[in-house]
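First the structure, in the form of structure tokens, and then the observations on it.
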Protein chains: 2
Amino acid sequence: MGESERGAATREHILATATAMFGESGYRGASLRDIAARCGLTHPGLLYHFPTKADLLEAVLQRRDDADTKAAGPQQHGVEALVALVGLAGRNAQARGLVELFATLSAEATAPDHPAHAYFVDRYSRVVREISRHFAEIQADGKLREGIDPAHAGRQWVALMDGLQVQWLLDESTDMAGTLEAHLRSQLT
Amino acid sequence: MGESERGAATREHILATATAMFGESGYRGASLRDIAARCGLTHPGLLYHFPTKADLLEAVLQRRDDADTKAAGPQQHGVEALVALVGLAGRNAQARGLVELFATLSAEATAPDHPAHAYFVDRYSRVVREISRHFAEIQADGKLREGIDPAHAGRQWVALMDGLQVQWLLDESTDMAGTLEAHLRSQLT
DNA sequence: GTCTATAGAGTGATAGAC
DNA sequence: GTCTATCACTCTATAGAC
């Protein structure tokens with residue numbers, strides 16, 4: 001890494017800007033010209049780094065996954081893992097761009113021909129499975145309330161996080177972390 | 001009502017088609033030409049009935065609210081009202097167009113300059129208040145589990161319905177009604 | 001690496017004939 | 001009521017200069 005230093009910085013700047021604008025306006029709504037202009041570039045300048053708009057979207061999603069994985073830190077289990085997610089929801093309330101990105105794109109990508117459709121289908125099945133596993137661990141520890149099915153609880157948790165994000169985007173006084181925490185408490189013994 | 005019969009039928013046809021296409025592709029993604037073509041019209045023909053695209057969207061949302069109000073039938077309370085919503089979720093699974101409409105638009109309308117922004121801000125505050133009232137009624141009947149706050153429960157319920165719709169749109173094997181029902185049971189004594 | 005210029009297609013909306 | 005034709009604009013992407 002020597003002469004490619006400047007190029008990498010531009011690439012990173014583009015990705016951060018695209019993340020914000022895909023969130024604000026959706027993939028269809030944010031144009032390459034708008035994104036490029038916010039980076040102090042023209043749109044062909046941007047396309048030198050990402051050959052097509054779909055490539056840019058893919059890089060944005062990949063980058064976000066990488067950041068998430070790194071931020072998650074050491075692997076956690078059971079209740080600790082869910083408490084960590086409540087904390088993440090609280091911190092997300094300070095990064096509106098990222099919340100918008102996923103709320104907007106996951107709905108938009110519902111259309112089978114959307115460039116991020118496969119990404120979101122895969123992501124949801126993975127996340128639901130993961131959260132359900134945490135509830136199963138809680139159950140194994142004897143700390144899950146009676147009559148609660150870990151698979152249902154996992155799916156509910158993911159739906160709750162998504163739905164709360166939409167409500168928070170429409171009205172920022174919505175208490176995402178508090179509502180999520182209340183739900184968690186009601187599931188435990 | 002005599003000579004305006006044919007005009008009303010065309011209007012209704014346009015609204016049904018626009019509902020489906022705004023759902024499939026979002027407000028931005030569905031063009032007036034596409035909607036008009038599916039109605040056997042040209043796009044100026046459509047614009048005779050709805051002067052602008054935003055007017056068409058407003059009429060679509062208004063029509064859906066009217067249909068909902070009528071379908072709701074006699075006003076219900078407490079647990080019965082929530083059970084009725086579980087049933088509605090089950091029936092919605094047979095009308096993908098309507099589910100898509102609200103999932104797609106509520107995320108898209110998160111942007112403050114979206115033509116349906118005010119509609120959704122208002123709708124959510126109204127619906128959350130209404131569902132919270134049902135939980136308060138359940139509490140008054142002594143049937144709400146201890147430590148559950150009706151206001152939290154109402155917000156959670158709405159978030160759950162929205163989040164489950166996105167999951168169902170990405171994977172139709174998702175059991176919306178069952179997951180919702182499991183949640184309801186876990187809230188009751 | 002970034003630019004100007006442009007191709008080629010699509011958009012919402014309007015004018016005016018029938 | 002519905003059409004054809006068109007305006008003015010935007011979009012993604014490419015060609016080629018620097």
Side-chain angles (χ1 to χ4, degrees), chain A residues 1-61 104-105 108-109 111 113-117, chain B residues 1-19 21-22 24-61 104-105 108-109 111 113-117:
Chain A
M1 45 162 120
E3 62 256 292
S4 64
E5 210 76 336
R6 185 55 140 294
T10 303
R11 228 185 108 95
E12 172 57 26
H13 188 192
I14 292 170
L15 286 173
T17 307
T19 297
M21 299 199 65
F22 283 154
E24 286 166 30
S25 316
Y27 174 70
R28 283 183 173 108
S31 77
L32 292 177
R33 277 177 175 79
D34 291 347
I35 297 169
R38 269 215 221 170
C39 297
L41 283 178
T42 58
H43 80 279
L46 188 157
L47 285 170
Y48 168 82
H49 297 277
F50 303 94
T52 73
K53 194 184 183 185
D55 287 337
L56 173 59
L57 174 60
E58 200 185 315
V60 162
L61 294 172
T104 305
L105 285 187
E108 200 181 11
D113 61 334
H114 193 282
H117 182 75
Chain B
M1 38 165 122
E3 63 256 293
S4 64
E5 209 78 334
R6 183 57 141 292
T10 303
R11 227 186 111 95
E12 172 58 25
H13 189 192
I14 292 169
L15 286 173
T17 306
T19 298
M21 301 199 64
F22 283 154
E24 286 166 30
S25 317
Y27 174 71
R28 282 183 173 108
S31 77
L32 292 178
R33 278 175 177 78
D34 290 347
I35 298 169
R38 269 215 220 169
C39 298
L41 282 178
T42 59
H43 81 281
L46 188 158
L47 286 169
Y48 168 81
H49 297 276
F50 303 95
T52 72
K53 193 184 183 184
D55 288 336
L56 175 58
L57 174 61
E58 202 184 315
V60 161
L61 294 172
T104 305
L105 285 187
E108 200 180 10
D113 61 335
H114 192 283
H117 183 74

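Within every chain, numbering begins at 1; the chains are lettered A, B, ... in the order of the sequence lines, protein sequences first and strands thereafter.
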Inset, instruction - May I have the distance from B/F50 (atom CZ) to D/dG1 (atom P), rounded to whole angstrom? - result: 13 Å
Legend entry - Any donor-acceptor pair under 3.5 Å from B/T17 side chain to B/I35 backbone: no
Legend entry - Integer-rounded Å distance: C/dG12 P and B/I35 CD1: 8 Å
Legend entry - side-chain contact (heavy atoms from CB on, under 4.5 Å) between B/L47 and B/T52, intermediate numbers included: CA-CA 6 Å; B/L47 286 169; B/T52 72; 5.6 Å; no
Inset, instruction - Starting from C1' on C/dT11, measure out to CZ on A/R28 and report it in whole angstrom. - result: 14 Å
Inset, instruction - For B/L32 and D/dT6, give me the distance from atom CG to atom C1', rounded to whole Å. - result: 16 Å
Inset, instruction - Mark yes or no for whether B/E108, through its side chain, and B/G26, through its backbone, hold a donor-acceptor pair below 3.5 Å. - result: no
Legend entry - Phosphate OP1/OP2 of D/dC11: any A/S31 side-chain N/O under 4.0 Å: yes
Inset, instruction - Ignoring backbone atoms, establish whether B/T42 has a side-chain N or O less than 4.0 Å from OP1 or OP2 of D/dG1. - result: no
Inset, instruction - Measure distances between side-chain N and O atoms of B/R33 and base N and O atoms of C/dG10, and say whether any donor-acceptor pair falls under 3.5 Å. - result: no
Inset, instruction - To the nearest Å, give me how far apart NZ (A/K53) and P (D/dT10) are. - result: 15 Å
Inset, instruction - Establish, with yes or no, whether the OP1 or OP2 oxygen of D/dT2 is under 4.0 angstrom from a side-chain nitrogen or oxygen of B/Y48. - result: no
Inset, instruction - Output the distance between atom CG (B/L56) and atom CE (B/M21), rounded to the nearest 0.5 Å. - result: 11.0 Å
Legend entry - B/L41 CG to D/dT2 P, straight-line distance once rounded to whole Å: 6 Å
Inset, instruction - Quick one: label A/H49 by what it contacts on the DNA or RNA (base, sugar-phosphate, nothing), any heavy atom closer than 4.0 Å. - result: sugar-phosphate
Legend entry - 5' priority, DNA chain D, between A/D34 and B/G40 [closest heavy atom]: B/G40
Inset, instruction - Assign each of A/G29 and A/P51 to its nearest nucleotide of DNA chain D by heavy atoms, then name whichever residue's nucleotide is nearer the 5' end. - result: A/G29
Legend entry - Spacing of A/L46 atom CG relative to D/dT14 atom C1', expressed in whole Å: 15 Å
Legend entry - Value in whole Å for how far the C1' atom of D/dG1 lies from NE2 of B/H13: 16 Å
Inset, instruction - Please assess B/T104 against B/F22 for the test side-chain contact (heavy atoms from CB on, under 4.5 Å), listing each intermediate value before the final yes or no. - result: CA-CA 8 Å; B/T104 305; B/F22 283 154; over 6 Å; no
